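Notes for the one structure printed next.
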Amino acid sequence: GENVEQHPSTLSVQEGDSAVIKCTYSDSASNYFPWYKQELGKRPQLIIDIRSNVGEKKDQRIAVTLNKTAKHFSLHITETQPEDSAVYFCAAPRQAAGNKLTFGGGTRVLVKP
Amino acid sequence: GAVVSQHPSRVICKSGTSVKIECRSLDFQATTMFWYRQFPKKSLMLMATSNEGSKATYEQGVEKDKFLINHASLTLSTLTVTSAHPEDSSFYICSASPGTGGEQYFGPGTRLTVT
């Protein structure tokens with residue numbers, strides 16, 4: 001099965017700076033990598049995802065990069081704002097052909113004004 | 001698009017009683033729904049996978065007789081916590097997947113407190 005490790009577990013940045021969260025996965029057949037943002041007491045929200053046929057995807061201030069050879073993918077948030085403060089989870093498919101996801105342990109991001 | 005609702009949002013029940021939680025996909029048909037449990041400041045722990053019209057598959061260590069799952073239609077799955085105990089108190093979240101692409105959309109969660 002898939003094993004997903006996420007680092008760092010906490011990240012504190014100054015408003016306007018960039019934040020980077022990295023995840024590694026174990027199954028080389030994995031082909032879908034979503035990122036979720038969860039605010040306190042709320043649902044995880046899908047903010048961006050990437051499939052294994054591309055190396056980078058960008059949506060305004062957030063981007064995800066994928067390195068299939070090294071089996072890691074990263075979330076990049078630029079020009080951070082206080083509303084970016086939340087817990088972010090990466091995920092990878094439990095198995096290549098299934099819909100189950102294995103989640104990373106989460107990164108608590110605090111953006112200080 | 002891809003809206004998932006979950007009810008109730010909060011429930012308090014006495015030990016020994018059962019609680020039903022509903023998960024609905026509002027604007028898409030969900031081939032698969034998932035039930036997760038989340039402890040404070042922890043990640044999402046998959047409990048079971050639910051496919052419409054078939055039996056749910058449970059993760060290792062999850063008691064199927066305690067956590068009954070019914071996926072009656074392509075837009076509705078229910079989780080019933082039977083004979084609840086205080087240790088069942090948790091945040092339960094469902095998600096729904098519209099196809100085979102891997103995307104999952106989460107409901108708002110249900111905070112269960114068993115007294």
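Computed from a predicted model, the values in this text were never measured in an experiment.
There is a path of hydrophobic side-chain contacts, each under 4.5 Å, that joins A:F73 to A:Y88. In the hydrophobic cluster analysis, where Ile, Leu, Val, Met, Phe, Trp and Tyr join through side-chain heavy atoms closer than 4.5 angstrom, A:V109 is grouped apart from A:V20. Taking hydrophobic clusters as Ile, Leu, Val, Met, Phe, Trp and Tyr residues chained together by side-chain heavy-atom distances below 4.5 Å, A:L40 does not share a cluster with B:F106. The hydrophobic cluster containing A:L46 does not contain A:I62, counting ILVMFWY residues as joined when their side-chain heavy atoms lie under 4.5 angstrom apart, directly or transitively. Follow the hydrophobic side-chain contacts under 4.5 Å out from A:L11 and you never reach A:F89; the two are in separate clusters.
For B:F91 against A:Q38, the heavy-atom pair with the smallest separation is CE2-NE2, 4.2 Å. Summarising the geometry of A:N99 relative to B:G102, their closest heavy-atom pair is OD1-N, 3.7 Å, with the distance given to 0.1 Å.
Heavy-atom pairs under 4.5 Å with chain B were tallied for A:L101, A:T102, A:D49, A:V87; the largest tally goes to A:L101.
Remark: A:E79 CD is loosely packed, at most 12 non-hydrogen atoms of other residues, nucleotides or ligands lying under 6.0 Å away. Heavy atoms of other residues, nucleotides or ligands lying less than 6.0 angstrom from CG of A:L110 number more than 12. Around the CD atom of A:Q60, the shell of radius 6.0 Å holds no more than 12 heavy atoms that belong to other residues, nucleotides or ligands.
Judged by distance alone, the side chain of B:E103 and the main-chain N or O of A:P34 form no donor-acceptor pair under 3.5 Å.
Note: B:S5 OG to A:R43 CZ = 8.0 Å, rounded to the nearest 0.5 Å.
Heavy-atom proximity under 4.5 angstrom to chain A picks out B:T32, B:F34, B:Y36, B:Q38, B:K41, B:K42, B:S43, B:L44, B:L46, B:T49, B:T57, B:E59 from residues 32-71 of chain B. Using a 4.5 Å cut-off between non-hydrogen atoms, no part of residues 18-26 of chain B approaches chain A.
For chain B, the nearby part of A:Y32 is the side chain; its heavy atoms alone come within less than 4.5 Å.
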